[in-house]
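Because the structure is a prediction, the values reported are computed rather than measured.
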Amino acid sequence: MGQQQLLLLVLSTVIVGLATVAGIQAFSENQAQASQDALVQKGTSIASDIQGLAGKPTQLGGIDMSTSGPTGTKIVKRLGYETKEDGNTPSGTNVVEAPGAGDGAGCTIAGVSSGEVVVTCESSDAPQDVEVTVDPDASGDVVTTSFTSS
């Protein structure tokens, strides 16, 4: 082999290596964004269900959103969600699985305080935790979303 052929072989090897590294990095970033999106979707879905329950009279299966309203566990049971039960989460808690957001992902529903319910979703695969607040008595946005670094 001549010098020119060896140079082209080395150059093509370097280019293929760089392309592989770039592809792996792009996949990792995309996976983190997909986990973040799944958390937002699950939190918003739960908030929407809570808002629907708050709009119903309690005689028809709704929930009372007064300041001394139900606990998070009672809200989860009323919504019919299955709770996450693994080695880290005790049975009967108010942690709902968040499918598609990675291993150990879940949303915790806090009980009613000052007329609002807070849903906190977190995952080790997502770059940020998601907090969705439902306040049916709010004059502006009933459902608000915020992000915190995990």
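The side chain to side chain donor-acceptor pair (under 3.5 Å) search around D125 returns none, not counting sequence neighbours. Every residue meeting the side chain to side chain contact (heavy atoms under 4.5 Å, CB included) condition with T144, not counting sequence neighbours, appears here in chain and number order: T133, D141. For P57, the side chain to side chain contact (heavy atoms under 4.5 Å, CB included) partners at least two apart in sequence or on another chain are Q59, L60. Under the rule for a side chain to side chain contact (heavy atoms under 4.5 Å, CB included), the partners of A54 that lie at least two apart in sequence or sit in another chain are M65, P136.
A pairwise comparison of heavy atoms in G61 and R78 identifies O-NH1, 3.2 Å as the closest pair. Here the closest heavy-atom approach between residue C107 and residue A98 is recorded as SG-CB, 4.3 Å. The two residues S123 and A105 have their closest heavy-atom pair at CB-CB, 3.6 Å. Of all non-hydrogen atoms in K42 and E97, the two that sit nearest each other are CE-O, 3.3 Å. Summarising the geometry of V95 relative to G106, their closest heavy-atom pair is CG1-CA, 4.2 Å, with the distance given to 0.1 Å.
Judged purely by atom type and a 3.5 angstrom limit, S12 uses its side chain to pair as donor or acceptor with the backbone of L9. The backbone N or O of V16 lies less than 3.5 Å from a partner atom in the side chain of T20, making a donor-acceptor pair.
Two residues are said to be in side-chain contact when any heavy atoms from C-beta on lie closer than 4.5 Å; V132 and I46 fail this criterion. Counting heavy atoms from C-beta on, the side chains of I109 and I50 come closer than 4.5 Å. In this structure the side chain of D129 never reaches within 4.5 angstrom of the side chain of F147, judged on heavy atoms. Inter-residue side-chain proximity for E131 and T148 is flagged as unmet; no heavy-atom pair is nearer than 4.5 Å.
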Less than 3.5 Å apart, which donor and acceptor atoms pair up between the side chains of residues 23-36 and the rest of the protein, not counting sequence neighbours?
unit_1: S28; atom_1: OG; unit_2: I24; atom_2: O; d: 3.2
unit_1: Q33; atom_1: NE2; unit_2: D37; atom_2: OD1; d: 2.9
unit_1: S35; atom_1: OG; unit_2: Q31; atom_2: O; d: 3.2
unit_1: Q36; atom_1: OE1; unit_2: Q128; atom_2: N; d: 3.1
unit_1: Q36; atom_1: NE2; unit_2: Q128; atom_2: O; d: 3.4

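When hydrophobic clusters are built by joining Ile, Leu, Val, Met, Phe, Trp and Tyr residues whose side-chain heavy atoms come closer than 4.5 Å, directly or via intermediates, V76 is grouped together with V119. Linking ILVMFWY side-chain heavy atoms closer than 4.5 Å, directly or via other members, places L79 and V118 in two distinct hydrophobic clusters.
For residues 47-56, the set of pairs meeting the side chain to side chain donor-acceptor pair (under 3.5 Å) definition, not counting sequence neighbours, comprises D49-Y81.
Its side chain within the 4.5 Å cluster rule, I15 clusters with L11 among the Ile, Leu, Val, Met, Phe, Trp and Tyr residues.
Of the inter-residue distances, the one linking T145 atom OG1 with L39 atom CG reads 11.5 Å to the nearest 0.5 angstrom.
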